[in-house]
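Accompanying notes for the structure given below.
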Amino acid sequence: MIDRRSFIVAALAALLPPGASAAGRPGQPEPQTLDYGPAKLDIYAPAGAKNLPVVFFVHGGAWRFGKRSQVGSKPDFLLANGFLFVSIDYRMLPEADVATQAGDVEKAYAYVRANIADMAAIRTASSAWAIRPAAIWLR
């Protein structure tokens, strides 16, 4: 279940225009790009991240265009507010049908759940990995 803070922060970040200023905050970190099978995903995590809630972002584009890097200032805003941000690519129409695209999103989410500790060095006190979904963000 998403708590109120997570929902509000994710909703506010969704309203940010692509070129929103991040003045007064350090620059956005470079994402770690990984191959999850059918496509790639980017993970934006602050240095030394520990047990952060994750925002899983599926870019817009009517399933026909767009790319995972079109995130504007969302990662900067979310990292500054204590979140880890994951943005994925998926196969596009017409080369892939809708069922294939849904499968790509499912595979990306499963990959993140299974590998988040190794991807972003997020560990709980017991050294077990943890993902606390803050939002699955479809745009």
Side-chain angles (χ1 to χ4, degrees):
M1 173 84 36
I2 299 173
D3 65 14
R4 184 183 312 200
R5 176 183 175 266
S6 298
F7 177 77
I8 291 170
V9 170
L12 288 173
L15 298 173
L16 292 173
S21 173
R25 292 193 301 258
Q28 178 173 307
E30 287 296 313
Q32 180 181 6
T33 301
L34 300 168
D35 188 337
Y36 71 87
K40 296 187 184 295
L41 57 83
D42 287 343
I43 299 173
Y44 298 82
K50 299 283 186 205
N51 199 27
L52 297 177
V54 175
V55 174
F56 184 84
F57 181 73
V58 180
H59 66 77
W63 302 100
R64 294 183 181 275
F65 56 90
K67 53 189 173 184
R68 71 183 183 279
S69 62
Q70 295 174 315
V71 294
S73 59
K74 291 173 185 70
D76 185 53
F77 178 81
L78 290 164
L79 269 59
N81 284 282
F83 291 83
L84 184 137
F85 185 80
V86 176
S87 179
I88 71 164
D89 270 339
Y90 49 86
R91 292 174 281 185
M92 305 286 179
L93 290 172
E95 291 80 22
D97 62 12
V98 174
T100 301
Q101 293 173 317
D104 287 356
V105 172
E106 181 180 14
K107 286 176 187 167
Y109 184 74
Y111 183 87
V112 169
R113 290 216 27 128
N115 297 288
I116 196 69
D118 296 330
M119 293 186 293
I122 297 173
R123 302 252 180 219
T124 63
S126 65
S127 296
W129 67 269
I131 180 172
R132 293 175 18 210
I136 297 179
W137 192 349
L138 302 172
R139 180 165 189 207

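Note that the structure is a prediction, hence the values are computed from the model and not measured.
For the pair T100/E95, no side-chain contact is recorded, criterion being any heavy-atom separation below 4.5 Å from C-beta on. Counting only heavy atoms from C-beta outward, the side chains of K107 and Y90 never approach each other to under 4.5 Å. The shortest side-chain heavy-atom distance between F83 and L52 does not fall under the 4.5 Å cut-off. In this structure, the side chains of P75 and D42 stay at 4.5 Å or more apart for every pair of heavy atoms. Between V71 and Y44, some side-chain heavy-atom pair lies under the 4.5 Å cut-off.
Residue V98 comes nearest to L93 through the heavy atom pair N-CD2, 4.3 Å, listed as atom of the first residue, atom of the second, then distance. A pairwise comparison of heavy atoms in L84 and A45 identifies CD1-CB, 3.6 Å as the closest pair. In terms of heavy-atom proximity, G82 sits nearest to P53 at O-CD, 3.4 Å.
F65 and I88 are members of different hydrophobic clusters when ILVMFWY side chains are connected at heavy-atom separations under 4.5 Å.
For the pairing with D104, the salt bridge (charged side-chain N to carboxylate O under 4.0 Å, His left out) check across R68, R91, K40 returns one residue only, R91. When each of V54, V55, L34, V58 is paired with V86, the side chain to side chain contact (heavy atoms under 4.5 Å, CB included) condition holds for V54 and for no other.
Of the possible polar contacts, none joining the Y36 side chain to the Y109 backbone as a donor-acceptor pair under 3.5 Å is found. Between the side chain of Q70 and the main chain of H59, no donor-acceptor pair closer than 3.5 Å is present.
Between L41 atom CG and D89 atom CG the span is 9.0 Å, to the nearest 0.5 Å.
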